[in-house]
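Data first, discussion second: the structure below is written as structure tokens.
For this chain, numbers begin at 1 and follow the sequence in order.
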Amino acid sequence: MEDHVFLTCDHPLNLPTISTNEPLSLEALSYLRSLIINPSTPAPTISSVIETLTRSLQLSRDPLAIHHTLKLLTDMALRRPHLSGVVFDSVCSHSLLSTDSTRVAAESLDALASIAEGNRVLAPGIEELDDRLFASLCFSPSRSVRPWLLRNAERFGVQPHLLFTLFLGFTKDPYPYVRKVALDGLVGLSKNGVIEDPDMIEGCYFRAVELLNDMEDCVRSAAVRTVCAWGLMLVACKSEAKAYWSDEVFVKLCSTVRDMSMEVRVEAFCALGKIEMVSEEILLQTLSKKVIVTKKGNKSLGQCSDEQLETSGSSVAGAFMHGLEDEFHEVRKAACHSLRTLTILSAKFAGEALNLLMDVLNDDSILVRLQAFETMHRMATFDCLTVQETHMHMFLGTLVDNDTLIRSSARKILKLAKLQKLKLFRLTIDALLENLEKHPQDEADVLSVLFHIGRNHGKFVIHIIEEVFPQMEPMSNGKLGFDSVRVAALLVLAISAPLSHERDCNIPPTIFSYAVTYMGRISQALSDVMNQNSLLEYLSQCSRSSGPYAIEFNFKVGEPCLPNANVPTYTSNEIIGSIAMPLPQKTGGTSEILSPTINKPREAGTSLVEYQLEVHDEVTKSMNVILAKVKDIWPLVLSGFTNEVLRTLRSCREELATFTSDSHASAGVFSFTKQYIQIVKLLTKAWVNFLSSTHFPCGMGELDLVLGKLDWRLRDLKSAFIRLSEEEELHILELILVTCMLRLSKVEICCHLGTLRKLSSMMSRVEYLLRDGSVEPSGFIIEVGKLSSKFVSSSLNEASFNPLLIRRVLESFSLKQLVLCGRLKHMKAELDIPDNEYENPLWFVAGLPVGIPCHITLHNISAESRLWLKMTVNEDNESTQFVLLDLNQFGGCDDVRIFMFTAPFYKTPKAFSFTIRVCICMECLSEVEDVSSVKRWGPRHELTYLCREKDVYLSMVK
């Protein structure tokens, strides 16, 4: 028993007997690992494992076995931190640190460092290790251990000055990878700032300069980083000759921009971008391949001596021209990036560099083009960007580029641009309008740019508005003279002028009234400048002013300082007015607005916003009157007078048809009321089945059809309208619960499981709405809650679905009055397939994908919604394909989002022609996940349809 250790565990196992007189075998080590990683292993067993592993370290001479043993001890310390001190002492106490095997000693150091990193209390133990041990290991003959030790030196707490000596010495190592790691170590050491002696810094710098000519690419690349890092330290410590040394470092780095290695050239340009002080003549020399000699006494080319002039000049000459013309896009991108810092050092250099950057805008690589835009944006931020007329056509051409990021980057620069001539300003405005016309999804960003550029060029804006204002006057039908997108853009440009603080800013006040009708689009675009309440207040103040505007605005806070502004406050999404809001009509010299539903002129002294709110409230009141009539028919339903009920509902629909709304704010109320009447009609047909037999109940098949229609109508009502109040949502949920109870009472038992899941989900939402007690539940909801609890507690059998019990619950239901608060918005979509008819089909090749071009318009749909394009050939699921619409890729705002999308259809059949039915659906994430059919790709929840199906005609290529 003295020669063996028996490891025990709480559960019966065939445990191996581990000898204490022999090194551990790999099988034994594997078994010990299973004990270590098992959290249930008893503490006595863990202690035995540590003792066994420690003894194995002393006995074993096999490097592989020692490696695995150290790994197990490290895992033990990391998985059981309370034992890390014991493990640390075990590894530190044995003789491995003085072994003849360098690799084993290095692995022991690695284990100690890993344990100390897991438990910072043990960090002093690492720092107490003898630095001589580390140095002796570094000088070992093993060429694989040396770079590892140098790369991990900071983990072992070695003194910085010793590290400096080691790193500097190993830059002369015969193995290139060791030299590279040593140089990287010097770069890391420079960041600590512990080396302050100027002679040491200068010696390290010049050693790195020597290695710029090393034979190996990786060494030269590391040398560039080292020259930059220690060169900057040298500049900082040479306070009396800072300019000279800064030029010296810059010139040395320029000498590597034509290196044969692409990686070295990239590092060279990255390093050049870190130099913060360079003589203007040297900077200008980098843009010209011809050596320019400019003498200042006995110095030339940035204080170089005469004998150094020729060498330095040739090193610097055309450096950035070579970089921006390099064959590798990584080098061109790095060259553009380095110009971000250097262009702000000299206005003359910035102007010359801009000529090169404009050429880069035509680069083949989009990454290079984006970097060029970023550099120009930084130049504009530091007021170093002076765009000439020769540049404008090339720059403005990027506004209609096919890439979204390119267009966005160009607009970002225009927000800061300062244009000196009216001609350039006109070109810019026309280009932005063209951008808006060709890429309507960019609307929000384009409007934002117009606002910023107008605020920076107030005088130019006044000239533009004076020319287009006659076209902006409303016509006899109250509509603007040209398309609403262009009008919105010019309105944003006009309302920005007063904020430019120009003295003669004579923008007609009616412009600001027109802008209110585009509140949704404008407030979305200007969200980075002001919130919607501030915008309303600003427009209201300006619309009442008749002369120059003395208006102050705090753009950082977003709160205006406007005197005597008394405008209602709205929530962040309550947008008054929209694209289709009627504009003022001039009648007999006075301005009045006629509502399509309430033919009452605006009274004198009533603001445009107040009048629109009044009209909207009148529409909501009219809808509530119709809904009251719908509620009054429920006693007739209970009495079985179905024909009279359907006749009354038809009358309500006809009355609703007499209303028309050009107001986007009222459109949601109209749509909601129309769908609600249809739902009550379906509920009436379903309820007939639960009356006495004398009322001729419908058959089971017809009932299934009615309940199916009722389900998706209620799902649309719940999901396709936003900003429902708690009372409105609770009313819809109660109707959904009624539908579930109708299904449970009549449909076969196999359908109960899905219905119960839906019933449970809806009851959870009802309980959430009732949590604070502000809304009282109806008697029907209370009874359903009790019955739902019984379903949960009982098994699914015939007894669980007692028809009499469910009928008693249904009899407690009574249709309540639904009162609309009037803030509803309808989520809907418009889908069009351009140039596709039966006589003009799209062409396809059987078996290959075909692209379906879709022109899509979305209303009131946020970017977080999960929208799908559903494409179906036959009714079976096998031929149905879904394509996800990621709205974040298309820009625009939540109110209106217009974009083109080419949908790939992969399941083209072997037929001469076929038709695809396409529609846009939204996934109802609040619904229970559909587990009946597992799809590899497609919606996981029920869908609500946002538009009608569109037929797409296709014909095979012959």
Side-chain angles (χ1 to χ4, degrees), residues 520 568 570-571 573-582 593-600 602 609-637 645-684 710 713-736 738 775 778 814-828 859-860 895 944 946:
Y570 308 96
T571 61
N573 290 324
E574 290 176 347
I575 300 171
I576 308 302
S578 69
I579 306 167
M581 186 75 74
I593 296 180
L594 298 179
S595 169
T597 53
I598 311 296
N599 296 321
K600 179 176 66 175
R602 196 176 92 193
V609 174
E610 291 171 346
Y611 175 76
Q612 291 168 351
L613 282 173
E614 181 181 346
V615 170
H616 180 61
D617 290 341
E618 290 293 336
V619 172
T620 305
K621 290 178 182 178
S622 301
M623 296 302 102
N624 282 330
V625 170
I626 295 177
L627 292 176
K629 295 179 182 179
V630 174
K631 175 256 180 185
D632 291 338
I633 67 172
W634 192 249
L636 296 176
V637 175
V645 169
L646 296 179
R647 190 180 303 114
T648 303
L649 291 175
R650 190 180 307 113
S651 174
C652 291
R653 288 202 308 274
E654 293 172 354
E655 182 180 355
L656 186 64
T658 62
F659 290 86
T660 59
S661 175
D662 289 333
S663 170
H664 181 65
S666 302
V669 179
F670 274 101
S671 300
F672 186 91
T673 306
K674 183 178 179 180
Q675 291 198 32
Y676 183 80
I677 292 174
Q678 184 65 26
I679 286 172
V680 174
K681 177 183 176 181
L682 292 170
L683 182 61
T684 300
L710 191 56
R713 287 278 186 182
L714 285 168
R715 183 166 63 249
D716 286 354
L717 201 67
K718 178 175 177 293
S719 303
F721 290 88
I722 56 177
R723 293 164 56 187
L724 289 166
S725 66
E726 290 188 356
E727 292 81 1
E728 291 165 347
E729 185 178 358
L730 191 63
H731 188 93
I732 297 172
L733 290 173
E734 186 170 1
L735 294 179
I736 295 176
V738 171
V775 181
S778 65
S814 178
L815 189 65
K816 302 295 188 297
Q817 168 73 55
L818 175 59
V819 180
L820 300 179
C821 64
R823 301 300 181 197
L824 296 175
K825 281 192 172 185
H826 189 195
M827 304 169 68
K828 58 182 180 178
H859 299 274
N860 305 314
D895 288 344
T944 182
L946 302 180

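- Put simply, the side chain of Leu946 does not reach to within 4.5 Å of the side chain of His859, judged on heavy atoms.
- Listed by first then second residue, pairs satisfying salt bridge (Lys or Arg N to Asp or Glu O under 4.0 Å) with a partner in residues 646-659 read Lys629-Glu655, not counting sequence neighbours.
- Rounding to the nearest 0.5 angstrom, the gap separating the CZ atom in Phe670 from the CD1 atom in Ile626 is 8.0 Å.
- Under the side chain to side chain contact (heavy atoms under 4.5 Å, CB included) criterion, Leu735 pairs with Tyr676, Ile679, Leu683, Leu714, His731, Phe813, Leu815, not counting sequence neighbours.
- Taking every heavy atom of both residues into account, Lys816 and Ser778 meet most closely at NZ-CB, 4.1 Å.
- Side-chain contact between Glu728 and Leu824 is present, with heavy atoms from C-beta onward closer than 4.5 Å.
- In this structure, the separation between OG1 on Thr648 and CG on Asp632 is 10.0 Å, given to the nearest 0.5 Å.
- No side-chain heavy atom of Asn860 sits less than 4.5 Å from a side-chain heavy atom of Lys828.
- Of the inter-residue distances, the one linking Arg715 atom CZ with Leu717 atom CG reads 12.0 Å to the nearest 0.5 angstrom.
- Rounding to the nearest 0.5 Å gives a distance of 11.0 Å between OG of Ser651 and CG of Leu656.
- Closest heavy-atom contact between Phe721 and Asp716: CD1-O, 4.0 Å.
- At least one side-chain heavy atom of Ile732 sits under 4.5 Å from a side-chain heavy atom of Leu724.
- Within the 4.5 Å cutoff, the side chain of Lys631 has no heavy atoms near those of the Leu818 side chain.
- Using a 4.5 Å cut-off on side-chain heavy atoms (C-beta onward), Lys681 and Gln678 make contact.
- Taking the side chain as every heavy atom from C-beta outward, Lys825 and Asp895 approach each other to under 4.5 Å.
- In this structure, CG on Leu682 lies 10.0 Å from CG on Leu649, to the nearest 0.5 angstrom.
- Using a 4.5 Å cut-off on side-chain heavy atoms (C-beta onward), Glu727 and Val819 make no contact.
- With Asn624 contributing its side chain and Leu820 its backbone, the two residues share a donor-acceptor pair below 3.5 Å.
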